[in-house]
Amino acid sequence: MDLMQYQAKEPFTQKHLLTLQDWSEDEIYQCLSLALKLKSMQKSGEKQTCLSGKTLAMIFAKSSTRTRVSFEVGTYQLGGSALFLSTSDIQLGRGEPISDTAQVLSRMVDGIMIRTFKQSDLEALAKHGSIPIINGLTDEFHPCQVLADLLTIYEKKGTLKGLKLAFVGDGNNMANSLMIGCSKLGIDVSIASPDGYKPSPIYTAWSVANAEAHGSKVTICSDPLEACKDADVLYTDVWASMGQESEAAERKKAFEGYQINAQTLAVAKKDCIFLHCLPAHRGEEVSADVIDGKHSVVFDEAENRLHAQKAVMALLMGGGNA
Ligand code: CP
Ligand code: NVA
């Protein structure tokens with residue numbers, strides 16, 4: 001399939017991006033197709049104006065490099081403006097209710113991107129506000145990252161359906177979102193995590209059902225080599241996510257051996273690619289020779305945050321135009 005030429009099967013009707021589970025396969029393809037177009041326009045200096053006169057509020061309760069920069073720069077490139085709101089500065093951080101924040105921001109801006117802890121806070125913003133809400137990472141999900149990952153896989157492999165992605169490590173927000181996103185597009189997903197750190201049974205069940213509907217499979221196991229066997233894409237993420245800093249020492253022990261390295265690479269396909277959402281800890285979840293080696297495409301992946309996030313905003317806030 002040539003994603004640049006993708007023809008939508010249905011009109012895009014999503015109001016928010018809370019989790020990719022809410023988006024159909026067709027909607028995900030529409031987003032990836034628009035991301036490719038916006039990327040090509042940006043590279044050739046073509047002006048994009050779909051957010052002209054519009055403002056995105058970006059609420060951050062956790063640190064960020066890629067998410068903040070991609071949304072902020074992306075908004076400007078689409079002709080709009082972005083507002084950085086740290087929860088240590090705004091009244092939300094001092095206990096102002098989410099419902100009030102949602103209603104106030106809905107009167108002044110055209111969309112909210114939020115990075116926070118609880119998924120239920122995003123649901124509350126969506127319920128009480130009247131503007132698009134975009135998940136910039138919660139403890140449960142990181143859908144924006146997965147859209148950039150799918151874009152990168154498509155660019156490198158020329159296809160998505162029928163591939164195999166292996167994830168080694170914590171059954172965290174990245175594992176949940178990758179398994180949901182990939183299973184919706186017919187990509188096999190195999191996750192290796194130690195006991196006690198496997199992805200949530202609920203999101204696993206969603207993904208298994210998605211995979212059944214799209215002719216692929218989702219496997220959860222404990223052995224990194226089993227997961228990585230014949231994989232087209234190897235993926236890992238930090239052992240301790242933001243908010244889990246106090247568990248770092250305990251997690252370091254639990255995740256020993258759950259590393260993407262020369263051994264896991266050796267059992268994957270010869271032309272496999274390595275992805276990591278970043279930031280990475282060399283020597284923990286990935287060896288330096290892999291992340292800095294020839295299979296790694298982590299910086300193309302990081303760049304694609306910009307193009308994918310522009311597509312999300314163009315669809316949710318800009319009428320699906322460039
Ligand atoms: N991958 C990612 O979301 O990076 P940041 O935490 O830097 O935004
Ligand atoms: N799982 C990581 C992803 C960072 C982009 C975290 O939540 O900190």
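Remember, it's 1-based here, ligands and their atoms both numbered in the order they're listed. Note that the structure is predicted; figures quoted are calculated from it, not measured.
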Would [X] end up clustered with [Y] when hydrophobic side chains under 4.5 Å apart are linked, directly or stepwise?
X	Y	value
Leu234	Leu160	no
Ile291	Ile153	no
Leu275	Phe299	no

Quick one: which ligand 2 atoms are inside 4.0 Å of a heavy atom on Asn172?
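Those of ligand 2 that fall under 4.0 Å from Asn172 are 1 (N).
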Output the list of atoms in ligand 2 that are nearer than 4.0 Å to some heavy atom of Met242, sorted by atom number.
6 (C), 7 (O), 8 (O)
List every atom of ligand 1 that sits less than 4.0 Å from any heavy atom of His142, numbering the atoms from 1 in the order shown and giving each element.
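Atoms satisfying the 4.0 Å criterion: 2 (C), 3 (O).
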Short N/O distance, under 3.5 Å, between Ser241 and ligand 2?
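By distance alone, the answer is yes.
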Among protein heavy atoms, which sits nearest to [atom], and what does the distance come to when rounded to 0.1 Å?
atom	result
atom 7 (O) of ligand 1	Thr65 N, 2.6 Å
atom 4 (O) of ligand 1	Arg66 NE, 2.8 Å
atom 3 (C) of ligand 2	Asp237 OD2, 3.6 Å
atom 7 (O) of ligand 2	Asn173 ND2, 2.8 Å
atom 4 (C) of ligand 2	Leu137 CD1, 3.9 Å
atom 2 (C) of ligand 1	Arg305 NH1, 3.2 Å
atom 6 (O) of ligand 1	Arg115 NH1, 2.8 Å

Under 3.5 Å between some N or O of ligand 1 and some N or O of [X]?
X	answer
Cys277	yes
Leu278	yes
Arg68	no

Centroid-centroid under 6.0 Å between Phe12 and Trp23 rings
yes
Ring centroid separation Tyr203 to Phe141 under 6.0 Å
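Tyr203 vs Phe141: aromatic centres under 6.0 Å.
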Taking the side chain as every heavy atom from C-beta outward, state whether Leu38 and Leu78 have any atom pair closer than 4.5 Å.
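Yes, their side chains come closer than 4.5 Å.
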Judged by non-hydrogen atoms, does Leu278 sit under 4.0 Å from ligand 2?
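Heavy atoms of Leu278 do come under 4.0 Å of ligand 2.
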Ligand 1 contacted by Lys62 (non-hydrogen, < 4.0 Å)
no
Atom CG in Asp2, atom OH in Tyr154: separation rounded to 0.5 Å?
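One gets 4.5 Å once the value is rounded to the nearest 0.5 Å.
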Going from CD on Glu245 to CZ on Arg251, what distance comes out if it is rounded to the nearest 0.5 angstrom?
10.0 Å
Exactly one of Lys269, Lys156, Lys157 should register a side-chain hydrogen bond (donor to acceptor under 3.5 Å, both in side chains) with Asp232. Which one does?
Lys269
Residues Glu303, Lys43: salt bridge by 4.0 Å N-O rule:
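Salt bridge flag = yes for Lys43 with Glu303.
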